[in-house]
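What follows is a single structure, written as structure tokens, with notes after it.
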Amino acid sequence: MTLEIRKLCAGYGGERVLENINLTIADGEFVSVLGKSGCGKSTLLGALAGTVPYEGAVLCDGFPLCGPSETLIYMPQDDLLFPWLTVLENALLYPAVHGKKRENRERAMRLLREFGLSGYERRYPSKLSGGQRQRVAFARTALSPAAFMLLDEPFAALDPVTRSELRVWLQKQRSRLGKSAIFVTHDIDEAIEITDRVLVLRGRPAALDGEFRTDDPKARVRIFEYLHEK
Amino acid sequence: MHTSRILPPIFVIIGVFVLWEALVRAMDMPSYVLPAPSAIAAALGRDFSALAKHGLVTLGETGFGLAFAIVGGVLLAVLMDALPSFRRAAYPLLIASQTIPIIILAPLFIIYFGFGLTPKVICVALMCFFPVAVGVSDGMARTDARLMNLLRSFGAKPLRLYVLCKLPAAMPSFFSSLRVAVTYSVTGAVVGEWLSSDSGLGFYMLRVKNAYRIDSVLACVLVIAVLSLLLNGLVRVLQRICIRY
């Protein structure tokens with residue numbers, strides 16, 4: 001599946017935050033959107049998730065998407081686990097919303113095992129560490145049928161050690177997740193480590209005006225210089 | 001429960017009873033004015049089978065009334081949460097309904113529904129309905145908006161939003177309000193029995209009062225207090241079972 005964003009403009013209360021965003025994401029590709037705090041990164045994901053109104057077009061394999069859809073799944077900054085649900089029930093939240101909890105139970109158990117959460121299925125989120133909670137949130141995201149994940153700084157609320165552990169973990173889990181992703185972050189290292197392409201969002205209203213391949217050995221320096229040039 | 005939490009109230013109760021006993025004996029108080037705690041304990045033992053029989057009737061009325069109050073209170077809270085205009089219209093009436101003492105309404109229920117179980121159940125339901133409705137409504141209003149937005153982004157319909165998020169989020173408030181409601185509930189049944197009944201603790205209390213057996217009246221009061229405390233404890237146990245996180 002290919003996701004195409006064409007001439008997307010979005011904002012709040014008459015103020016335009018994003019201007020003319022064009023982006024194409026190929027099947028299985030991880031793309032990061034990098035920018036300073038408040039530049040409109042989360043607004044972009046909000047527009048794609050259907051919670052922020054926008055102009056322009058979002059197409060999946062050429063078909064337009066509008067509002068919350070089964071193609072895109074949003075994962076917020078905080079893990080937002082439901083405190084009254086167990087780890088397994090939290091992971092099964094998307095199927096539960098669509099009345100398909102039972103048929104996804106085995107898949108959820110397998111995924112939790114693969115995510116290193118075996119034995120934690122019946123625990124409540126309050127009994128988990130920050131890293132474990134975030135892995136449950138990833139399992140919840142993975143258990144949706146959506147082909148594209150909208151990851152809104154998923155490691156921002158974690159301590160530096162857990163954060164670097166989860167970066168390595170996510171790299172390893174990419175194939176298991178079997179999804180494409182738009183990964184919003186303001187951390188250059190995180191963007192390079194996890195994704196295939198880095199897009200820079202800057203200006204007011206913000207536009208995507210820089211693109212870098214992360215397999216370039218000088219990507220870090222190039223992105224840094226680009227972010228700090230006038 | 002820790003002994004440090006149990007012991008202080010036990011000591012206070014024992015202290016009050018010892019003082020009471022001593023005062024009654026020292027002042028040679030007649031038992032039809034104020035019986036000593038030892039006389040109340042004797043009455044409790046003597047009347048135990050009658051108290052148990054009437055207590056069960058009161059407990060049954062309380063149970064039915066509470067069940068109606070819980071169902072009605074939760075339904076009204078959901079309606080008020082889902083329909084803000086309904087909330088604006090119903091909330092003042094709900095508050096106003098609590099300003100009318102149940103003892104004034106109870107005779108009307110007897111006129112409308114006869115002398116059977118129904119008027120007592122309505123008394124209990126009316127007394128317990130308000131805390132449940134307000135507690136659940138406030139609990140749902142305090143639901144974390146981010147959780148609701150996450151469910152909406154998953155494509156959740158309104159019914160799923162309530163089942164998966166709003167109602168579970170309101171559970172702690174529901175149990176807090178239920179603890180208040182069960183404390184009122186036995187009183188509601190007894191008030192109903194005072195006005196017209198041929199069984200129940202209210203009926204028994206009137207009968208022994210008319211015979212000037214104040215020790216038996218106070219034994220009955222003790223049973224009512226114990227029933228209220230037991231129901232309160234039952235709610236706590238249910239809360240621990242239902243809210244494990």
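Below, chain A is the first sequence line, B the second, and so on; all start at residue 1. The basis for the numbers below is simple: all heavy atoms, side chains too, and nothing from hydrogens, waters or symmetry mates.
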Could you state the interatomic distance from CG (A/Leu150) to OG (B/Ser153), rounded to the nearest 0.5 Å?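 The distance works out to 9.0 Å.
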When rounded to the nearest 0.5 Å, the distance separating OH of B/Tyr245 from CG of A/Leu85 is 9.5 Å
In short, A/His98 meets B/Phe154 closest at the heavy-atom pair NE2-O, 2.7 Å
Scanning both residues in full, the closest heavy-atom pair of A/Pro83 with B/Leu147 reads CD-CD1, 4.4 Å
Ordered numerically, the heavy-atom neighbours of chain B under 4.5 Å found in residues 74-81 of chain A are A/Tyr74, A/Pro76, A/Asp78, A/Leu80, A/Leu81
Count the heavy atoms of every other residue, nucleotide or ligand shown that sit under 6.0 Å from [atom1] of [X], and state whether that count exceeds 12.
X: A/Phe30; atom1: CZ; result: yes
X: B/Phe64; atom1: CZ; result: no
X: A/Arg204; atom1: CZ; result: yes
X: A/Phe115; atom1: CZ; result: yes
X: B/Phe86; atom1: CZ; result: yes
X: A/Glu103; atom1: CD; result: yes

Of the listed A/Tyr94, A/Trp84, A/Phe82, A/Tyr124, the one with the largest count of heavy-atom pairs under 4.5 Å with chain B is A/Trp84
Step-by-step side chain to side chain contact (heavy atoms under 4.5 Å, CB included) determination, B/Leu150 to A/Arg140 = CA-CA 11 Å; B/Leu150 184 73; A/Arg140 180 178 64 193; 3.6 Å; yes
